[in-house]
Asker: 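Take this structure, written in structure tokens, and hold onto it; I'll ask about it next.
Every chain is numbered from 1, with letters handed out A, B, ... down the list of sequences.
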Number of protein chains: 2
Amino acid sequence: MMEGMAAPERGRTGRPPRTSRAQILSAARELIDDEGWERLTMRKLAARAGVAPTTLYHHVRDREELLAALLDDYADRIPRRELPREPVERILAAATVMHDALAGWPWLVEVLTADDLIGDAALWMVEAIVDAAMEHGCPADEAVHLYRSVWYYTVGEILVRASADRKRAELDRPAYRDTVFRRLDKPELPRLSAIAGRWPALCAEDTYAYGLRALVEGLLTK
Amino acid sequence: MMEGMAAPERGRTGRPPRTSRAQILSAARELIDDEGWERLTMRKLAARAGVAPTTLYHHVRDREELLAALLDDYADRIPRRELPREPVERILAAATVMHDALAGWPWLVEVLTADDLIGDAALWMVEAIVDAAMEHGCPADEAVHLYRSVWYYTVGEILVRASADRKRAELDRPAYRDTVFRRLDKPELPRLSAIAGRWPALCAEDTYAYGLRALVEGLLTK
DNA sequence: GCTAGTTTTCGAACATGTTCGAAAAGTCGA
DNA sequence: TCGACTTTTCGAACATGTTCGAAAACTAGC
């Protein structure tokens, strides 16, 4: 038993596969297009792929890995825009492409679990950012810090916004009994009013660009 | 039927409760202490509370809300350290307290869904940061942008690190067949080597403070 | 005491992700 | 052709979160 790996076409043996990983992924894409990612269940996916549910697990570790794979090859298709030549602007542009591309996928909350990277496919953006930082004069390790900081900031913004949206959508969910009562058994909310007055209804979308520029400039003028 | 709300002790009627929300929360805390949050199932929790599983749903909307409530009253117990007087340092200190407190809860990934805020309890940190920013000369809306940026950055760092840890812990999970094979059917990883050389093994923990300061200073010198 | 109303509890059941072990369907060497 | 080996598929089953509807247990008015 050749545990784990097998040369792709080297004297294949065993039962011939009725389905492939690629087919499953593409069936998943169809299903998501049709019904949305929240309704992508393993059973439905199996049905669409014409296969038993358990068979999926031979091609995919679990649902999360499946979603991650979808995200990964989605990232692979992000158009590689022409980036500005000036380093700072180049970093901002690359980060923004990354951000905007990811922000369209609300199910990121369940998937965005890579450390440092989106996935193998989007490395060109990492490269662009690290390159630009070094061109600007950063030593390598600071360039990596910079990339990471940008990545943290971006992931945070996307996740916070995504779950805020989700929560808003859930407001008209059925039976959520005695919410009011529940709030009452808490101690007084401390000084909420003191802040509330200063909390103008700012469009959260504007914050990303605002903070991103500050972050990058702050990192580069060190 | 007084839909939803009921005055706490105003002529109570109906079947007397065998259990309270507070009891459930505290049973949940015990369970988490004993077995870790990943093993907190609604059924086990019900057993510990001496109640049928479905009864929980009368006191709690769902598992997520339960975890959020636990997080919230955890945040309530974060010791309020003395913060520095100088505004910039005060912001950094408040953000770091927030960060460190949250970073100890690996299940944040499933819970950190508040927009703008951790929960009702940790408002004092929001207040500290917004206050300091205004004291430094920011108008109110920029102070809010600043807080939000810091929050995004912090959430991002925590979540990315938490899931990186989780992934590392999962490496010795059972049957994850032909990972190697799967990597081979991808196109060549683009330019990975070009970056790899510049990717020193930097301690990811250092990045948080590094980027945070840059972010805040960048925002304040606008 | 009886009935109507109200709140809490619970048992049955469902959907879903996933594991497990065995069956199916081939290849290869004897 | 026959068995050993390998890979893929699948049915049964489990754990978990959750919904639904009805039963339980009490209070208040008659």
Asker: Is A/R213 close to A/L92 at the side-chain level, that is, under 4.5 Å between some pair of heavy atoms?
Answerer: yes
Asker: Does C/dG17 have OP1 or OP2 under 4.0 Å away from a side-chain N or O of A/R63?
Answerer: yes
Asker: Which nucleotide sits closest to the side chain of A/A52: C/dT7, D/dC10, C/dG26?
Answerer: D/dC10
Asker: Give the angle between the helix axes at the two ends of the helix from C/dG1-D/dC30 to C/dA30-D/dT1, taking five base pairs at each end and rounding to 10°.
Answerer: 30°
Asker: Would you tell me if any nitrogen or oxygen in the side chain of A/R18 comes within less than 4.0 Å of OP1 or OP2 on D/dC10?
Answerer: yes
Asker: If you compare every side-chain N and O of A/H59 against the phosphate oxygens of D/dT9 (OP1, OP2), does one of them come in below 4.0 Å?
Answerer: yes
Asker: Closest-nucleotide mapping onto DNA chain C: is B/R15 or B/V51 further toward the 5' terminus? I mean the 5' end.
Answerer: B/R15
Asker: Between D/dG17 atom C1' and B/E65 atom CD, what is the distance in whole Å?
Answerer: 15 Å
Asker: Separation of A/L56 atom CG from C/dT18 atom C1', in whole Å?
Answerer: 11 Å
Asker: Could you check whether B/L66 gets within reach of a base, just the sugar-phosphate, or nothing at all, counting any heavy atom under 4.0 Å?
Answerer: nothing
Asker: So which protein N/O to nucleotides 12-15 of chain D N/O distances come out below 3.5 Å?
Answerer:
none

Asker: Let's see if you can work this out: which of C/dA25, D/dG17, C/dT9 has an atom nearest to the side-chain heavy atoms of B/M42?
Answerer: D/dG17
Asker: Can you check whether A/Y153 and A/Y208 have ring centres sitting under 6.0 Å from each other?
Answerer: yes
Asker: Kindly compute the distance separating CG (B/L56) from CZ (B/R21), expressed to the nearest 0.5 Å.
Answerer: 11.5 Å
Asker: For the pair made of CZ in B/R39 and P in D/dG17, what is the distance, rounded to whole Å?
Answerer: 13 Å
Asker: Report yes if a side-chain nitrogen or oxygen of A/T55 is closer than 4.0 Å to either non-bridging phosphate oxygen (OP1 or OP2) of D/dC10; otherwise report no.
Answerer: yes
Asker: Whole Å only: how far is the CD atom of B/E38 from the P atom of C/dG17?
Answerer: 21 Å
Asker: Quick check: do B/Y210 and A/R148 have side-chain heavy atoms less than 4.5 Å from each other?
Answerer: no
Asker: Could you check B/K44, B/R39, B/R29, B/R48 and say which one makes a side-chain hydrogen bond (donor to acceptor under 3.5 Å, both in side chains) with B/D34?
Answerer: B/R48
Asker: Would you kindly give the CH2-to-P distance between A/W37 and C/dG17, to the nearest whole Å?
Answerer: 11 Å
Asker: Side chain of A/D62 only, please: which of D/dT27, C/dT18, C/dG26 is the nearest?
Answerer: C/dT18
Asker: Using whole Å, report how far NE2 of A/H58 lies from C1' of C/dA25.
Answerer: 13 Å
Asker: Scan A/L40 against the nucleic acid and name what it touches under 4.0 Å (heavy atoms): base, sugar-phosphate only, or nothing.
Answerer: sugar-phosphate
Asker: Nearest heavy atom decides the nucleotide; on that basis, is B/G14 or B/S20 closer to the 5' end of DNA chain C?
Answerer: B/G14
Asker: Just how far, in rounded Å, is C1' of D/dG17 from NZ of B/K44?
Answerer: 14 Å
Asker: NE2 of A/H58 to OG1 of A/T19: how many Å apart, nearest 0.5 Å?
Answerer: 12.0 Å
Asker: Which heavy atom of B/L70 sits nearest a heavy atom of B/A28, and at what distance?
Answerer: CD1-CB, 4.0 Å
Asker: For the atom pair CG (B/L40) and CD1 (B/I32), what is the distance rounded to the nearest 0.5 Å?
Answerer: 5.0 Å
Asker: When rounded to the nearest 0.5 angstrom, what is the spacing between OG1 in B/T154 and CG in B/D100?
Answerer: 10.0 Å
Asker: May I ask you to test the A/R15-A/R18 pair for a side-chain heavy-atom distance under 4.5 Å?
Answerer: yes
